[in-house]
Amino acid sequence: MIWFDLKRLEKKIIENDFSDNEGFSYFLAFLVLGFIVGYNDSVWNRISSIELLVGLVITVWGAYSIFKTNAKGDGQDFFKRYFALAWVVGFRIFVSLLIFFTLFHMVYTIATGNDADEVLTGWTDVIMSSLITLVFYIMLKRSFKRVSLGITR
């Protein structure tokens, strides 16, 4: 991986001396760095460390897994497929979670008289965020498999 020499990287790309495997290394590094920088917890403790570590493991496994799934199929257009499929899978999950957590918050508040946000902290937060990330990559991997093998439903 080239870390600072932009001209050398540009030359490799221009001369078609830049493989998908090399591109995947940059993609994975971008995901990991983005995950770490984007992780925000106002109180850093053991639970936060575990949540960050589990999220990183799932992200690395997921990205590697979908890259290999694509390669086992036709091996074409990984990055084009990734951004298109990840957008739709991510948006579906977002809408589903928006509905679920809105209903959960309303029911919990009415039933207990307490704020539901107190339930979604600590270990519950770690489990929920880990499951959501895992579901995202599992759905994305299944979609990659169908696309790379040309399977339509």
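Bear in mind the structure is a predicted one, so any value in this text is a computation, not a measurement.
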Under 3.5 Å, sequence neighbours excluded: what are the donor-acceptor pairs made by side chains of residues 98-108?
{"residue": "Thr102", "atom": "OG1", "partner": "Leu98", "partner atom": "O", "Å": "2.6"}
{"residue": "His105", "atom": "NE2", "partner": "Asp115", "partner atom": "OD1", "Å": "3.0"}

Partners of [X] by side-chain contact (heavy atoms from CB on, under 4.5 Å), sequence neighbours excluded?
X: Ala86; value: Tyr82, Phe136, Leu140
X: Asp77; value: Lys80, Arg81
X: Thr133; value: Ile58, Thr59, Tyr137
X: Trp3; value: Met1

Hydrophobic cluster (4.5 angstrom, side-chain heavy atoms) - remaining members for Leu6: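 Traced through the cluster, Leu6 reaches no other member.
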Heavy-atom side-chain proximity of Ile93 to Ile132 below 4.5 angstrom: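 Side-chain contact under 4.5 Å: yes.
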Note, Phe144 side chain near Phe78 side chain (heavy atom, < 4.5 Å):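 Answer yes - side chains close enough.
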Any donor-acceptor N/O pair, Ser143 side chain to Met139 backbone, under 3.5 Å: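 No, Ser143 side chain to Met139 backbone: no donor-acceptor pair under 3.5 Å.
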Side-chain donor or acceptor of Ser129 paired with backbone N/O of Val126 under 3.5 Å: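 The answer is yes, because a donor-acceptor pair under 3.5 Å joins these two groups.
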Phe79 atom CZ, neighbour heavy-atom count above 12 within 6.0 Å: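 Yes.
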Pairs involving residues 136-150, ordered by first then second residue, that meet salt bridge (Lys or Arg N to Asp or Glu O under 4.0 Å) (sequence neighbours left out):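 Non-adjacent pairs meeting salt bridge (Lys or Arg N to Asp or Glu O under 4.0 Å): zero.
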ILVMFWY cluster, Val89 and Trp61 together (side-chain gap under 4.5 Å):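 As far as the 4.5 Å side-chain criterion goes, Trp61 and Val89 are connected within one cluster.
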Under the side-chain hydrogen bond (donor to acceptor under 3.5 Å, both in side chains) test, residues paired with Thr112 that sit two or more places apart: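 Here no residue qualifies.
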Only distances under 3.5 Å count here; give the side-chain donor-acceptor pairs of residues 20-38 to other protein atoms, sequence neighbours excluded, each with its distance to 0.1 Å.
{"residue": "Glu22", "atom": "OE1", "partner": "Ser19", "partner atom": "N", "Å": "2.9"}
{"residue": "Glu22", "atom": "OE2", "partner": "Lys12", "partner atom": "NZ", "Å": "2.8"}
{"residue": "Ser25", "atom": "OG", "partner": "Asn21", "partner atom": "O", "Å": "3.4"}
{"residue": "Tyr26", "atom": "OH", "partner": "Ile2", "partner atom": "N", "Å": "2.7"}
{"residue": "Tyr26", "atom": "OH", "partner": "Ile2", "partner atom": "O", "Å": "3.3"}

Interatomic spacing from CG in Asn45 to CD1 in Ile47 - rounded to 0.5 Å: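 Interatomic distance, Asn45 CG to Ile47 CD1, rounded to 0.5 Å: 5.5 Å.
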Distance, nearest 0.5 Å, that separates NZ of Lys11 from CD of Glu15: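 Going from the NZ atom of Lys11 to the CD atom of Glu15 covers 4.5 Å.
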